[in-house]
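Before any comments, here is the structure.
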Amino acid sequence: MKRLFNLAVQKLNYFIFPKIKIFFKKLWILIKNIIKWHIPERKPDGWPKSWQWKNFPEAFGKKEKIYFCCLYFIFLFSLGLIIQDWWNKNTEIIPKVGGKYSEAIVGQPQFINPLLAPFNDVDRDISQLIFSGLMAYDDNGKIITDLAESYEIKDDRKTYEVSLRKGVKWHDGKNFNADDVVFTIKILQDQEYMSPLRTNWQGIKIERIDDFKVRFTLANPYSSFLESLTLGILPKHLWEGIHPKNFSLADFNIKSPIGTGPYKFKSFKKNELGFIKSYTLERNSKFYQSGPYITEIKFLFFFDREEAISAFNKKLVQGLGSLSFIDQKEFSGKPKQYSIALPRYFSVFFNETFSTILAEKNVREALVFGTNLNEISDKVWHGQAKIISSPILPEIFGFKEPTKKYTYDENLAVSLLEKSGFKDTDGDGFREKITEKTKQIGKQTIKSDEKTPLEITLTLPNTSETELIGTMLKEQWKKIGIKTNLEILESYEIQQNKINPREYDAILFGEILGMIPDPFSFWHSSQKKHPGLNLSLFGDKDADKLLEEARQSLDEGVRVKKYEEFQNVILADYSSLFLYSPPFLYITDKEIKGMNTIKIADPSKRFSNAAGWYIETTRSLK
């Protein structure tokens, strides 16, 4: 379009304008002669008066009038193009305040509180918009300052002094200062408040230096500490009077959360059964950075993904996230789609403590070799997800691949099961182990055979993607004689009823490493129990040491080396079946602009730059 416009202007400059110039020159001579001929008393070198101009049209014939009008309109059109060209070259499109955005989410909000939000995707999403941390992420996943104006890491690598931004207001108009930061960290560390983030902050001391400066002192150097400072800060003046036992029950968790973020609470609606139907945020006009531009963000909640997709197709919402490639087929039209890099991977974690079957290493090994990952990737993600063989994602962070990789080998899987004594003795297609048991009754010893079926239960989240994967794993493992029962639950049920008490055989679940990888909470032996996230209940002294040394080093080269050694220790134990690392898929209506995010630390961080999103625009001089 711009090329055509420039060509049109060029044609006008070279062909039309010279002719117009000649025409008006002749026209002026004609006017002068007409005035002289029709109005003899008029001096030929003077300028006609207004009453004389009224007689001007009478001097033209019909053809001259048509000719004059055509050229007159060409002149106006050309002048308009010239003005428009100048305007486009000397101005730029900028966002302006206006427009509303709505998004569909599967689930329910429980705690719009950054200290309680980690285990609920909905809570994390909304908290990201309402609360701010000392640090934040930019569009490339790099850590930048937010409520912090600057920071300094002392020579001991354990002391961080953070200078806070001045002039920041809480949503209720009160001033933000160092007291809020100290208060938030101290209640986070208090066991009575039962924050799932507490373990990450143990051993860290916080001090108030002045109104706008705080000091953090770590027990040991910690490479990912700056990422920890992305935690949302709570207002002391509202929370300090709430007893720890009532912390999770306070109205501020749902009805009126107060933060310093770009959006503030407006309202929420729920039905007679208590299901929250919508949650609305409005623009924080006193936000301390540029924006926000969108005046209102509303979340609509649904029971499942199908309802959410239907709402998008019906234009009830303008956005939807956490999609799989399976879901893409369900959308009508061509919405704007974002494929965002995310340091996340999905694995099947084997709980050898809970399952006697999975306690046998040969069985775990057979499950790994009996899985065709290429088939799963092709059918579920059409080859667009990265197949992985390590919990540190070498493909994303640039680490070396593990020295040992596992490929699909059905014959090897069968031989491993045979070696462990599992055979199909009754011809039903599934293996079992026959062991001889003896029982003493009086002086008589009674021998009997005990059958142990090769059967496990795989727990997985209720999504179209994981359900398809579960079905494929069930069929693949059936080929080697393992019977698999699928237990499909909602995410919150898995968290409360399975992960917290660690009551499952195997679980298909996703884990997110963060932008500075730190797999400590997922694999260190101290994280076996809740709220730790060691889902395989893996424990190894060598692995523990490597994880501890890696997280204490600020030298990236040292950390890389430690993690590369760690992944080989993990793979030797067959405690998990690593599947794939998918991108984060997000769709919005085409009118939503300004989302330029390339990498995110977790799905909620798609809102890290929400203050820069916009719908309406204007032009401004450069």
TODO: Scan for side chain to side chain donor-acceptor pair (under 3.5 Å) pairs involving residues 242-251, sequence neighbours excluded, and state none if there are none.
DONE: none
- [ ] Assess whether side-chain contact (heavy atoms from CB on, under 4.5 Å) is satisfied between Gln108 and Phe275, documenting all intermediate values.
- [x] CA-CA 8 Å; Gln108 284 280 275; Phe275 184 86; 3.4 Å; yes
Taking distance alone, no hydrogens or angles, what donor-acceptor pairs closer than 3.5 Å link side-chain atoms of residues 463-470 to residues at least two apart or in another chain?
from	atom 1	to	atom 2	distance (Å)
Thr463	OG1	Thr466	N	3.1
Thr463	OG1	Thr466	OG1	2.6
Ser464	OG	Asp327	OD1	3.2
Glu465	OE2	Trp381	NE1	3.4
Glu465	OE2	Tyr580	OH	2.3
Thr466	OG1	Pro461	O	2.6
Thr466	OG1	Thr463	N	3.4
Thr466	OG1	Thr463	O	3.3

Open item on the list: Among residues at least two apart in sequence or on other chains, which ones pass side-chain hydrogen bond (donor to acceptor under 3.5 Å, both in side chains) with His382?
Closed with: none
Open item on the list: Would the distance check show the side chain of Tyr563 and the main-chain N or O of Phe399 forming a donor-acceptor pair, the cut-off being under 3.5 Å?
Closed with: no
- [ ] Kindly assign one of parallel, tilted or perpendicular to the pair Phe520 and His524, based on the angle between their ring planes and the thresholds 30° and 60°.
- [x] parallel
Open item on the list: Assess, by modelled atom type and distance only, whether the side chains of Thr260 and Ser132 contain a donor and an acceptor separated by less than 3.5 Å.
Closed with: yes
Open item on the list: Using the ring centroid of each side chain, check whether Tyr406 and Phe369 are separated by less than 6.0 Å.
Closed with: yes
Open item on the list: Can you list everything that forms a salt bridge (Lys or Arg N to Asp or Glu O under 4.0 Å) with Glu490? Sequence neighbours excluded, please.
Closed with: none
TODO: Please assess Leu585 against Gln337 for the test side-chain contact (heavy atoms from CB on, under 4.5 Å), listing each intermediate value before the final yes or no.
DONE: CA-CA 7 Å; Leu585 296 182; Gln337 179 174 299; 4.2 Å; yes
Open item on the list: Assess, by modelled atom type and distance only, whether the side chains of Glu616 and Tyr614 contain a donor and an acceptor separated by less than 3.5 Å.
Closed with: no
Task: Residues that Glu375 engages under salt bridge (Lys or Arg N to Asp or Glu O under 4.0 Å), provided they are two or more places apart - done: Lys379
Open item on the list: Going by the rule salt bridge (Lys or Arg N to Asp or Glu O under 4.0 Å), which residues pair with Glu493 if we only count those two or more places apart in sequence or in a different chain?
Closed with: none
Task: Set of residues satisfying side chain to side chain contact (heavy atoms under 4.5 Å, CB included) with respect to Thr295, sequence neighbours excluded - done: Val97, Lys100
Open item on the list: Ile499: which residues meet the side chain to side chain contact (heavy atoms under 4.5 Å, CB included) condition with it, sequence neighbours left out?
Closed with: Ile494, Gln495, Arg502, Ile507, Phe509, Leu535
- [ ] Mind checking side-chain hydrogen bond (donor to acceptor under 3.5 Å, both in side chains) for Ser127 and listing every partner two or more places apart, or none if nothing turns up?
- [x] none
Open item on the list: Apply side-chain contact (heavy atoms from CB on, under 4.5 Å) to residues Asn497 and Leu489 and explain how you reach the verdict.
Closed with: CA-CA 10 Å; Asn497 303 329; Leu489 301 172; 5.7 Å; no
Task: Set of residues satisfying side chain to side chain contact (heavy atoms under 4.5 Å, CB included) with respect to Glu282, sequence neighbours excluded - done: Lys264, Lys266
Task: Heavy-atom check, side chain of Trp239 versus side chain of Phe247, under 4.5 Å - done: yes
Task: Test salt bridge (charged side-chain N to carboxylate O under 4.0 Å, His left out) applied to Asp602 and Arg344, step by step - done: CA-CA 8 Å; Asp602 65 64; Arg344 171 182 61 174; over 6 Å; no
Open item on the list: List the residues meeting side chain to side chain contact (heavy atoms under 4.5 Å, CB included) with Ser256, not counting sequence neighbours, and say none if there are none.
Closed with: Phe252, Phe265
Task: Test item: side-chain donor near acceptor, Ser521 and Gln527, under 3.5 Å - done: no
TODO: Can you label the angle between the Phe578 ring and the Trp523 ring as parallel, tilted or perpendicular, going by 30° and 60°?
DONE: tilted
Open item on the list: Whether the Asn351 and Glu503 side chains hold a donor-acceptor pair (N or O, under 3.5 Å, no angle test) is what I'd like checked.
Closed with: no
Task: Contacts of type side-chain hydrogen bond (donor to acceptor under 3.5 Å, both in side chains), residue Asp518, not counting sequence neighbours - done: Tyr222, Arg551
Task: Between Phe607 and Tyr263, ring centroids under 6.0 Å - done: no
Open item on the list: Applying the side chain to side chain contact (heavy atoms under 4.5 Å, CB included) criterion to Phe522, which one of Ile570, Leu513, Asn534 satisfies it?
Closed with: Leu513
- [ ] Ignoring hydrogens and angles, state whether a donor on the side chain of Tyr586 or Glu103 is under 3.5 Å from an acceptor on the partner side chain.
- [x] yes
